Amino acid sequence: MAQKPSIPKGTRDFTPQEMANRNYIFNTIKDVFRLYGFQQIETPAMENLSTLMGKYGDEGDKLLFKILNSGDFMSGLGDEELLGRNSVKLTNKISEKGLRYDLTVPFARFVVQNRDKIAFPFKRYQIQPVWRADRPQKGRYREFYQCDVDVVGSDSLLNELELIQIVDEVYRRLKINVVVKINNRKILSGIAEIIGEAEKITDITVAIDKMDKIGLEKVNEEIASKGISQEAIEKLQPILKLTGTNAEKLNQLKAVLADSEIGMKGISEMETIFAFCETMKVQTQIELDLTLARGLNYYTGAIFEVKALDVQIGSITGGGRYDNLTGVFGMDGVSGVGISFGADRIYDVLNQLNLYPETSVEQTQILFVSFGDRELMYALPWVNALRAKGINAEIYPEPAKMKKQMTYADNKRIPYVAIVGETEMNEQKVMLKDMKTGEQKLSTLEEVMNAF
RNA sequence: GUGGAUGUAGCUCAGUUGGUUAGAGCGUCGGAUUGUGGUUCCGAAGGUCGCGGGUUCGAGCCCCGUCUUCCACCCCA
């Protein structure tokens with residue numbers, strides 16, 4: 001055999017069965033998005049590197065897939081650049097496009113560029129693949145889909161509420177038990193301020209984000225290694241060990257953060273959001289989790305993360321409020337809040353819990369089986385008539401052996417087969433066979449239609 | 001980017017301290033059944049054992065390199 005074909009590391013093919021399952025997820029999510037008034041947009045797979053670079057931190061820049069310039073991209077280079085072996089510098093010369101890393105930054109670009117065409121507040125959703133040159137791992141791919149919903153141009157906390165309601169509704173429909181973890185960057189900033197390490201806020205949040213994984217002690221070690229004083233770490237301890245209901249946690253925090261204006265603002269935001277959720281009777285458990293930080297540092301207010309309760313996997317949805325994302329593209333004062341459903345991880349969760357609905361859609365309802373060219377020509381108008389009625393019908397396109405045609409129907413789980421031969425043609429009928437019961441009966445076109 | 005495991009038929013996997021012609025199940029194709037599938041029985045096709053080098057009389061098995069996939073770290077959906 002010739003060399004085996006393969007696909008790039010971290011990418012996947014999807015079979016018809018897998019696509020049916022994935023579409024079930026996408027359609028469920030889309031339905032809920034639309035229910036809340038969000039409209040779909042798409043942006044190109046590739047963006048200018050100037051749009052992408054510097055938006056995700058140094059790590060993110062490294063994980064960008066870059067696209068080589070077209071044409072003779074080496075011709076303009078001097079020997080110095082070539083011999084310098086400086087990847088970063090050289091990359092700037094030979095690549096000016098990259099694959100999108102997420103949907104949020106391209107969306108920000110979209111808003112700035114199309115501001116004349118959008119009415120604010122702008123509620124959009126976007127379901128497209130993104131690419132990261134990460135090393136693949138369990139639940140991590142180099143190409144994966146994100147389903148983003150964002151609303152920009154509104155500071156109202158009602159938007160946060162709606163996003164929580166969307167999460168609530170999507171996972172109810174998918175029958176996945178989840179917990180929504182929620183936190184607020186303002187509270188985290190307040191904490192950093194109170195312990196006197198305001199400028200180290202990023203280091204602190206990255207460290208406490210790992211609380212779940214590595215535990216209190218290691219978190220403290222990591223914070224200490226970032227050059228934060230022992231005294232500050234001491235002050236941090238009661239906050240890291242907060243317990244009780246959401247309201248109780250907030251009350252304890254109020255005492256600690258009383259002198260931090262920004263911290264108190266965050267607390268009051270959280271109180272409002274919790275109150276909204278209570279009024280709207282959100283079913284999903286919502287938990288204030290101060291150890292939730294989320295790496296992306298453009299978040300400025302509420303941050304969310306959704307975890308599946310019955311499966312061990314990373315977060316399946318995440319997002320938050322970012323006050324000035326469009327600022328880097330020269331459009332200030334536009335606040336946004338959004339979340340992203342990780343379709344591929346949801347897919348893994350559904351697989352593990354086997355939660356797909358029985359009725360798989362998009363399948364053929366009837367197959368026409370025939371024995372020769374005359375029979376094929378006889379059957380074609382029947383197929384057409386059934387299709388016109390909205391019945392998924394197909395015809396086995398060549399006069400193969402009957403066994404083979406029946407096996408084909410069986411493999412595709414086609415519930416009905418119409419057999420066409422000499423006798424059927426003479427009577428202007430077909431032999432309609434129910435593949436489940438095995439019963440069959442000479443039927444007219446009308447009788448066939450009535451079977452569905 | 002760092003560390004660990006892995007790779008044998010289309011798929012899932014056996015393969016003894018290194019020893020002759022590398023096996024099974026599933027799937028595919030053909031037949032039993034010339035117009036009837038899902039069950040059964042019979043048969044066939046299909047492998048440069050990931051790739052490259054080395055050790056050896058002899059390598060699927062041992063050694064080195066490389067790639068793939070998986071796992072952990074980093075980071076993240």
Side-chain angles (χ1 to χ4, degrees), chain A residues 1-12 15 25 29 56-64 87 100-104 127-148 202 205-207 209-210 213-214 218 222 292-297 304-308 313-320 338-349 367 369-372 375 396 399-425 430-442:
Chain A
M1 200 196 353
Q3 205 178 2
K4 270 188 199 174
S6 63
I7 54 177
K9 199 199 257 269
T11 63
R12 294 155 299 163
T15 62
I25 297 171
I29 291 173
Y56 310 104
D58 292 342
E59 277 304 321
D61 282 356
K62 276 188 219 154
L63 298 180
L64 284 171
S87 314
R100 74 166 96 79
Y101 178 89
D102 72 356
L103 299 179
T104 308
I127 298 179
Q128 290 189 274
V130 303
W131 294 269
R132 295 183 189 179
D134 222 356
R135 190 176 277 216
Q137 230 180 90
K138 184 164 194 80
R140 299 178 72 164
Y141 309 98
R142 285 185 154 182
E143 177 185 63
F144 61 95
Y145 274 75
Q146 290 192 328
C147 312
D148 272 31
T202 307
T205 53
V206 166
D209 190 38
K210 294 175 192 161
K213 244 182 185 167
I214 62 178
K218 297 264 177 153
E222 181 162 337
L292 169 64
R294 295 192 61 74
L296 297 171
N297 42 25
F304 314 97
E305 196 157 290
V306 179
K307 293 212 152 148
I313 197 163
S315 82
I316 52 178
T317 294
I339 51 172
S340 177
F341 288 80
D344 297 278
R345 285 192 179 172
I346 294 172
Y347 175 76
D348 289 343
V349 170
L367 173 77
V369 165
S370 57
F371 306 103
E375 285 87 347
Y396 200 91
K401 285 204 173 133
M402 185 149 192
K403 182 186 168 104
K404 186 164 177 154
Q405 300 189 48
M406 295 299 282
T407 306
Y408 175 82
D410 213 44
N411 285 340
K412 274 185 95 171
R413 304 230 172 78
I414 299 172
Y416 288 96
V417 163
I419 300 164
V420 182
E422 199 68 38
T423 38
E424 287 83 4
M425 287 196 293
V430 297
M431 186 63 81
L432 182 67
K433 176 169 176 133
D434 181 331
M435 292 295 275
K436 237 186 201 134
T437 63
E439 286 166 18
Q440 60 183 46
K441 156 167 165 248
L442 266 182

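So you know, we letter chains A, B, ... as the sequences are listed, proteins then strands, and number each from 1. Here the structure is a predicted model, which is why all the values come from computation and not from measurement.
- Which of rG30(B), rC70(B), rU36(B) sits closest to the side chain of Lys401(A) comes down to rG30(B).
- Closest to the side chain of Lys9(A), from the set rU69(B), rG35(B), rC71(B), is rU69(B).
- Comparing rC29(B) with rC67(B), their P atoms sit 39 Å apart, to the nearest whole Å.
- Applying the Watson-Crick and G-U wobble criteria (two distances, each under 3.5 Å), rA5(B) pairs with rU69(B).
- No engagement by Gln405(A) is indicated, since no non-hydrogen atom pair under 4.0 Å with the nucleic acid exists.
- Backbone-only contact: Gln146(A) has heavy atoms under 4.0 Å from sugar-phosphate atoms and none from a base.
- At a threshold of 4.5 Å between non-hydrogen side-chain atoms, the residues Arg140(A) and Asp134(A) count as touching.
- Across all strands, Glu439(A) comes closer than 4.0 Å to no nucleic acid atom at all (heavy-atom distances).
- Whole-Å rounding puts the Glu305(A) CD to rC75(B) C1' distance at 13 Å.
- The gap from the P atom of rU55(B) to that of rC71(B) amounts to 37 Å, rounded to the nearest Å.
- Evaluation of atom-type donor-acceptor distances gives a pair under 3.5 Å for the side chain of Glu424(A) against the base of rG35(B).
- OP1 or OP2 of rC29(B) has at least one side-chain nitrogen or oxygen of Lys404(A) nearer than 4.0 Å.
- One interatomic measurement links the two molecules: CD of Gln440(A) to P of rG37(B), which rounds to 11 Å at whole-angstrom precision.
- One interatomic measurement links the two molecules: CD1 of Ile316(A) to C1' of rC76(B), which rounds to 15 Å at whole-angstrom precision.
- Nucleotides rG15(B) and rG25(B) have their C1' atoms positioned 15 Å apart, rounded to a whole Å.
- Judged by ring centres under 5.5 Å apart and planes tilted less than 30 degrees, Phe144(A) stacks against the six-membered base ring of rA77(B).
- Summarising the geometry, the separation between CG on Asp102(A) and C1' on rC76(B) is reported as 11 Å, rounded to the nearest angstrom.
- Note on Lys433(A): a base of the nucleic acid sits closer than 4.0 angstrom, heavy atoms only.
- Here rC75(B) is the nucleotide among rC76(B), rA72(B), rC75(B) with the atom lying nearest to any side-chain atom of Arg140(A).
- Across all strands shown, rG18(B) forms no Watson-Crick or G-U wobble pair with both key distances under 3.5 Å.
- The base of rU2(B) is paired with the side chain of Arg135(A) by a donor and an acceptor separated by under 3.5 Å.
- Rounded to an integer number of Å, the gap from CG of Leu63(A) to P of rG1(B) is 11 Å.
- Between the base of rU36(B) and the side chain of Lys403(A) there is no donor-acceptor pair shorter than 3.5 Å.
- Computed from coordinates, the Arg142(A) CZ to rG1(B) P distance equals 9 Å when rounded to whole Å.
- As judged by a 4.0 angstrom heavy-atom cut-off over every strand, Gly60(A) is placed among residues making no nucleic acid contact.
- Under 4.0 angstrom from either OP1 or OP2 of rU28(B) there lies at least one side-chain N or O belonging to Asn411(A).
- Here rA77(B) is the nucleotide among rA72(B), rU36(B), rA77(B) with the atom lying nearest to any side-chain atom of Ser315(A).
- The separation between Asp61(A) atom CG and rG1(B) atom P is 16 Å, rounded to whole Å.
- For the pair Arg142(A) (side chain) and Pro8(A) (backbone), a donor-acceptor distance under 3.5 Å is absent.
- Considering all non-hydrogen atoms of both residues, Gly139(A) and Asp348(A) come closest at CA-OD2, 4.0 Å.
- Contact annotation: side chain of Arg132(A) to base of rC76(B), donor-acceptor pair absent below 3.5 Å.
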Step-by-step salt bridge (charged side-chain N to carboxylate O under 4.0 Å, His left out) determination, Arg12(A) to Asp344(A): CA-CA 11 Å; Arg12(A) 294 155 299 163; Asp344(A) 297 278; 2.6 Å; yes

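- Using a 3.5 Å distance cut-off with no hydrogens or angles, the side chains of Tyr56(A) and Asp102(A) do pair a donor with an acceptor.
- A residue-by-residue look at Ile7(A) and Tyr145(A) shows that Ile7(A) has its nearest nucleotide of RNA chain B further toward the 5' end.
- Thr407(A) contributes no side-chain N or O that forms a donor-acceptor pair with the base of rG38(B) under 3.5 Å.
- Comparing the C1' positions of rC70(B) and rG54(B) gives a spacing of 28 Å, expressed to the nearest Å.
- Rounded to a whole angstrom, the distance from the P atom of rA59(B) to that of rU12(B) is 28 Å.
- rA9(B) and rC26(B): their C1' atoms are spaced 12 Å apart (whole Å).
- Residue contacts for Gly372(A): at a heavy-atom cut-off of 4.0 Å it reaches no nucleic acid atom on any strand shown.
- Residue contacts shown for Asp134(A) include a base, since a base heavy atom lies under 4.0 Å away.
- Across all strands shown, rU33(B) has no partner, as no Watson-Crick or G-U wobble contact with both distances under 3.5 Å is found.
- Between rC41(B) and rC51(B), the two C1' atoms lie 42 Å apart (nearest whole Å).
- Across the strands present, rA24(B) finds its partner in rU12(B); the criterion is a Watson-Crick or G-U wobble pair with both atom distances under 3.5 angstrom.
- In this structure, Arg132(A) fails the cation-pi test against Phe144(A), since its NZ or CZ atom is not both closer than 6.0 Å to the six-membered ring centre and inside 45 degrees of the ring normal.
- Side-chain atoms of Met406(A) and Val417(A), non-hydrogen and from C-beta on, do get closer than 4.5 Å to each other.
- Contact annotation for Phe341(A): no contact, since no heavy-atom pair falls under 4.0 Å across all strands.
- Residue Lys412(A) is classed as having no contact, given no heavy-atom separation below 4.0 Å to the nucleic acid.
- In this structure, CE of Met402(A) is placed 16 Å from P of rG30(B), rounded to the nearest angstrom.
- Put simply, the side chain of Gln405(A) gets close to the backbone of Ala400(A): a donor and an acceptor are under 3.5 Å apart.
- Contact check for Phe341(A) versus Ile316(A): no side-chain heavy atoms found under the 4.5 Å cut-off.
- Between rU6(B) and rG50(B), the two C1' atoms lie 11 Å apart (nearest whole Å).
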